[in-house]
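Just below is one structure, and these are the notes that go with it.
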Amino acid sequence: MAGRHFLQIPGPTNVPDRVLRAMDFPTMDHRGPAFGEVGLKALDGMRSIFRTEGQVVIYPASGTGAWEAALVNTLSPGDKVLMYETGHFAMLWKVLAERLGLRPEFIESDWRYGVDANALEQHLRADTGGEIKAVCVVHNETSTGCASRIDDVRKAIDAAGHDALLMVDTISSLASIDYRHDEWGVDVTVAGSQKGLMLPPGLSFNAISDKALAASKTAGLSRSYWSWDEMAGPNQTGYFPYTPATNLLYGLVEAIDMLHEEGLENVFARHQRHGKAARRAVEAWGLEVFCTNPNHYSGSLTAVLMPEGHSADAFRRITLEHFDMSLGNGLSKIADRVFRIGHLGDYNDLMLSATLSGVEMGLELSGVPYQRGGVQAALDFLTARDQVSVAAE
Ligand SMILES: Cc1ncc(COP(=O)(O)O)c(C=O)c1O
């Protein structure tokens, strides 16, 4: 099909040309004299994105690897971890914890909102013996489009007077939704390259607090490839204990520069604004945004519930066949019930307008009951006086 494919899944996201050009460079000797500078720029730059003064680790791995790294570096076999069922990815993290021999205490939910910090606080208060060693939450549930309030999670842990480590998955929120590792007292932040960071998949990250680092000295789970200790020495001069993903790191340095040129606050505002515009469209179509708690609306994606009796996957097939646009599918519990519009990463008003046009045309062709005018509602929002000034900032 002529023209560009529209990759509107909530990650991997579109890679900007600047980042592609930065990676299109001869692979260098990762132990040679020039590489240390690249490594240091990437590690320092990621500190500024996580908003931490602490240690950051970069793995040549997908996000799942960084989940595993967070757990194996800090915990011991049989440790209890408190987890919250925000959606598909929270469930996967729980399964991973079980496989490692941890004991997750899982707070169940219907997936239509983010973490209920009060429920978390009650569970922590009930843990009078201090058995829970870590609280693990997903910041932005990519399967549902619900973004939890990590500041409230921190407050809940403090209110309960609990000493558990706080671990947060920011795989689909870092560099798109406001996040502050140090200020919110997060002990391990988990992230991946393929979403807000605008890179291809292949890098993942841990940001580590001093408390987590101290825990890693006595934690009993086995680790080798994921060991923070192994990384710490070589990382001091920008090197790695094993072969790093050199060309992805060139891209990472460029992406971090781009994010700072725009300004992180502006990046977050841009994503929030696109989230709002997408929701205007969904409302005007007469469809339901899957997330039911407005405090948890996500700036990086919008999941849309299909009317009863209509297949989200059939609709997605039509948008792909007719308009060459990939939308995100519903995962596990909500397979075929929702489709997800990714509006994160290297993204602007016209890309959003085109995406929503593809959705509206797809609804028409697939015979889903809807009302026309969603695209117009989004355009009206984007061109409202106050919104135009937000975009220009
Ligand atoms: C919130 C969240 N956590 C974890 C993962 C798993 O990451 P990966 O597929 O990079 O291993 C994803 C992937 O989309 C995700 O969105």
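Order of appearance sets the numbers: ligands from 1, and atoms from 1 within every ligand. All values reported here derive from a predicted model rather than from experimental measurement.
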Between His296 and Arg149, does the side-chain contact (heavy atoms from CB on, under 4.5 Å) criterion hold? Intermediate values first, please.
CA-CA 7 Å; His296 294 164; Arg149 302 292 315 221; 4.2 Å; yes
Working note: Asp313 + Arg317, criterion salt bridge (Lys or Arg N to Asp or Glu O under 4.0 Å); need CA distance, chi angles, decisive distance, verdict.
CA-CA 6 Å; Asp313 290 343; Arg317 258 194 310 278; 5.9 Å; no
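Regarding atom 5 (C) of ligand 1, its nearest protein heavy-atom neighbour is Phe89 CD2, 3.5 Å. From the protein, the heavy atom lying nearest to atom 14 (O) of ligand 1 is Lys195 NZ, 2.8 Å. Remark: minimum distance from atom 3 (N) of ligand 1 to any protein heavy atom is reached at Asp169 OD2, 2.6 Å. Protein heavy atom closest to atom 6 (C) of ligand 1, with residue, atom name and distance, is Thr64 OG1, 3.7 Å.
Between Phe35 and Pro244, some side-chain heavy-atom pair lies under the 4.5 Å cut-off.
Contact analysis puts Asn140 in contact with ligand 1, with a non-hydrogen atom separation below 4.0 angstrom. Under a 4.0 angstrom heavy-atom cut-off, Glu141 registers as lying outside contact with ligand 1. Put simply, part of Gln194 is less than 4.0 Å from ligand 1, judged by heavy atoms. Not close to ligand 1: Trp93, with no non-hydrogen atom less than 4.0 angstrom away.
No side-chain donor-acceptor contact under 3.5 Å links Gln8 and His343. Glu364 and Tyr370 share a donor-acceptor pair across their side chains, judged by distance under 3.5 Å alone.
The N/O atoms of Ser62, backbone and side chain alike, include one that comes under 3.5 Å of an N/O atom in ligand 1.
Among Thr142, Val138, Leu92, the residue whose heavy atom sits closest to atom 16 (O) of ligand 1 is Thr142. Distances from atom 4 (C) of ligand 1 to the heavy atoms of Leu203, Leu331, Ile171 show the closest one on Ile171.
Close contacts of ligand 1 with Trp67, meaning ligand atoms under 4.0 Å from a residue heavy atom, involve 3 (N), 4 (C).
Among residues two or more places apart in sequence or in another chain, the salt bridge (Lys or Arg N to Asp or Glu O under 4.0 Å) test is passed with Arg21 by none.
Counting Ile, Leu, Val, Met, Phe, Trp and Tyr side chains that sit under 4.5 Å apart, directly or through other members, Met361 shares a hydrophobic cluster with Ile318, Phe323, Leu365.
Under a 4.0 Å N-O distance rule, the pair Arg103/Glu98 does not qualify as a salt bridge.
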